[in-house]
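Worksheet: one structure, shown below.
Any value given below was found using the heavy atoms of this structure, including those in side chains, with hydrogens, waters and symmetry copies removed.
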Amino acid sequence: MGTFKSFVIKEFWHIIRDRKTLLVLLGMPVVQIILFGFALTNEVKNTEIYIANMAGDELSASLIAQIDASKYFQVAGTITQTKLADDLLKTGRARLVLVIPAGFGQQLRHQKEVSLQLLTDGTNPNLASTINSYLGIIVRDFRSRAMGELQLPMTLNVEPRMLYNPQLKGEYTFVPGVIAMVLMIICVMMTSVSIVKEKELGNMELLLVSPTRPHTIILAKAIPYFILSLVLVSIILLMSRFLLGIPIRGNLFLLYGVAALFIITALSLGMVISTITNSQQVAMLISLMGMMLPTIMFGGFMFPIENMPLPMQVISNIIPAKWFYYAINDIMIKGQGFAAVYKEVAIMAGFTLLFLAISYKKFNMRLG
Amino acid sequence: MISAQHISKSYGKKGEIKALQDVSFEVAPGTLFGLIGPDGAGKTTLFRILTTLLLPDAGEARVLGYDVKTQLPEIRSRVGYMPGRFSLYQDLSVEENLSFYATLFNTTIEKNYHLIKPIYQQIEPFKTRRAGALSGGMKQKLALCCALIHKPGVLFLDEPTTGVDVVSRKEFWDMLADLKKEGITILVSTPYMDEAALCDHIALLHEGKILSIAPPHQIAHSIKTVVWEVKVKKIYTAIQLLDGFAGVSSVYPFGESLHITLDDDRKDAGFVEAWLTRAGLTEVSIQAIEPGIEDAFLMMMTDTHKKSQS
């Protein structure tokens with residue numbers, strides 16, 4: 001026990017004294033959360049919109065007021081000629097122009113069916129379609145309200161409602177994704193590199209010629225990274241709760257339990273890599289190219305797996321991060337209990353046992 | 001204490017690199033045994049086999065009576081090993097390294113402090129310094145302390161003085177002599193011939209084969225050929241003139257001079273001096289000398305080459 005304790009302490013010294021690496025490890029999730037949360041977002045917030053108001057009546061004014069009042073749009077100006085709208089779009093001063101036809105109020109009262117024209121800059125199709133649907137919601141809302149006020153016969157409306165994430169917030173999907181990615185980097189790459197480093201620098205040669213069992217050596221390596229990972233998960237959760245305002249709906253203990261399981265899965269994967277490689281560079285390459293890339297591609301948080309061709313969907317099943325992402329999504333965003341994630345938990349546990357068995361079998365009691 | 005019988009080991013896919021070929025030797029308890037040989041002679045491979053880090057392709061070896069192939073835990077907990085490369089943690093301090101290696105062997109610094117005291121006292125003023133910031137000599141002393149902290153029965157030191165200054169080298173060998181008095185059996189390897197004389201027994205290792213095993217003075221005496229020392233101003237020109245010259249069988253540069261041996265029928269080196277002077281070299285002097293270990297080693301090396309060629 002004394003040996004194990006001093007091993008763990010030694011490992012902590014290694015991590016703490018390597019200031020630069022520690023700074024990167026702690027800074028990485030912070031930077032990723034800020035990047036994904038504020039910069040790399042494709043959601044609409046206070047988008048400038050120009051209104052070409054050909055009608056100029058009471059109802060059009062109230063529609064404009066409603067658009068301006070929503071937090072997605074901000075009316076930057078009103079014009080009265082459609083020709084100007086073209087100029088605005090061409091010169092790039094406007095990316096969005098809503099054309100309200102002449103006699104808007106009149107037509108709405110009598111014909112009940114009016115077409116609004118939305119001119120968008122299609123160079124960013126994703127943004128354009130998002131804006132389109134956002135504006136559509138506002139317009140439908142306006143119409144139903146106007147109909148109620150005007151005492152017109154009710155018409156049935158199909159109104160899509162986004163479950164769990166009604167505002168289609170991008171942060172919701174990326175927070176579990178960032179957790180999965182950060183854990184893959186810390187647990188798989190750092191663990192494998194730090195074990196292989198001992199081989200490369202010759203420390204392992206000395207450690208082997210001692211009564212200490214190799215399993216003690218490797219287990220002791222995993223513990224500091226396990227704790228560091230839990231700290232990082234906490235940092236990410238705190239930032240997403242208080243900086244981005246994303247609620248954690250599910251049970252926090254269950255969330256941490258699943259995270260701890262995934263950390264162990266990733267650590268055992270790191271051990272497998274460390275037992276089959278002898279140089280830090282190879283370990284890093286395998287971790288990055290062989291583990292990080294598939295995690296990003298098939299993890300489910302960057303590209304939806306449902307949209308992939310069948311072979312890709314099959315491959316995604318062997319990516320542990322995918323199961324973690326599903327489970328944590330269920331718990332954190334949907335607020336589900338253990339019953340919803342037992343399958344994912346069982347699969348991760350299976351992966352862990354498999355990795356541990358491989359690294360146990362492959363561990364070299366000698367050199368070379 | 002240590003016994004090796006017909007140890008062979010080769011590397012490469014087809015075993016084309018023969019690191020050790022049929023190596024056999026015995027180390028008696030409480031003696032200092034030196035493995036002498038140039039880089040690539042197979043010294044490190046031999047150490048790794050004896051410390052159970054590598055499996056020999058053929059042959060048997062026992063350390064403290066335990067088989068290196070099957071009794072790993074028994075050997076690993078009872079020997080002290082200092083690899084050729086500095087293998088302590090550079091980012092841990094002197095004291096942290098030492099106490100880590102103590103707990104690795106389930107012991108403490110205090111328990112065996114008497115054993116390392118004479119060595120550790122020299123680096124104790126720097127105990128809070130990181131091992132990576134130590135000088136070469138201090139690193140070696142720390143590594144020796146770490147190898148000794150569990151009071152091993154046998155100490156394996158792989159080139160402990162390579163890359164260490166002359167003063168520290170001498171200090172290091174003084175320490176080994178003290179440890180021998182404590183009853184610890186020591187197997188040490190070195191490429192330096194002058195250190196060979198400080199061992200009880202030496203084995204000359206060359207290209208994976210043992211050329212000779214004997215106490216150092218006997219190895220030097222085993223040379224029957226007369227060795228001539230040639231002193232001359234332009235050594236390089238002299239080597240070119242003498243290499244292949246009729247009557248001269250071998251030429252080796254030896255620092256400021258040359259050591260040569262003559263063909264068996266030549267009893268006098270006068271013809272060499274005449275040849276060098278005629279070629280325009282100045283300050284030529286030749287005299288017969290007592291052969292040293294290095295002479296013996298070089299001659300045995302040449303002999304094995306001749307044998308393997310014919």
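Contact between A260(A) and F226(A) at its shortest, heavy atoms only, is O-CE1, 3.8 Å. When all heavy atoms are compared, the tightest approach of L157(B) to F172(B) is CD1-CE2, 4.3 Å.
Chosen from L88(B), L55(B), V79(B), T51(B), the residue pairing most often with chain A at heavy-atom distances under 4.5 Å is L55(B). Contact tally against chain B (heavy-atom pairs below 4.5 Å) for T216(A), L206(A), L207(A): the top residue is L206(A). Your options are G84(B), S87(B), A102(B), S77(B), and the one with the most heavy-atom pairs under 4.5 Å with chain A is S87(B). The choice from Y101(B), Y11(B), Y89(B) that makes the most heavy-atom pairs within less than 4.5 Å of chain A is Y89(B). Of all the listed residues (H150(B), R130(B), M82(B)), the one sharing the greatest number of non-hydrogen pairs under 4.5 Å with chain A is R130(B).
Remark: K322(A) fails to qualify as a cation-pi partner of F298(A) under the 6.0 Å distance and 45° angle criteria applied to the six-membered ring.
A salt bridge does not link K141(B) to E124(B): none of the charged side-chain nitrogens sits closer than 4.0 Å to a carboxylate oxygen. Contact check on D200(B) versus K180(B) returns a salt bridge, with a Lys/Arg side-chain nitrogen under 4.0 Å from an Asp/Glu carboxylate oxygen. A salt bridge links K43(B) to E159(B): one of the charged nitrogens lies within less than 4.0 Å of a carboxylate oxygen.
Ring orientation note: the planes of F156(B) and F47(B) are nearly perpendicular, at an angle over 60° on the 30°/60° scale.
Contacts with chain B (heavy atom to heavy atom, under 4.5 Å) involve these residues of residues 191-205 of chain A, listed by number: E198(A), K199(A), E200(A), L201(A), G202(A), N203(A), E205(A).
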Given side chain to side chain donor-acceptor pair (under 3.5 Å), test Y360(A) with T275(A) step by step and report yes or no. CA-CA 9 Å; Y360(A) 183 86; T275(A) 52; over 6 Å; no
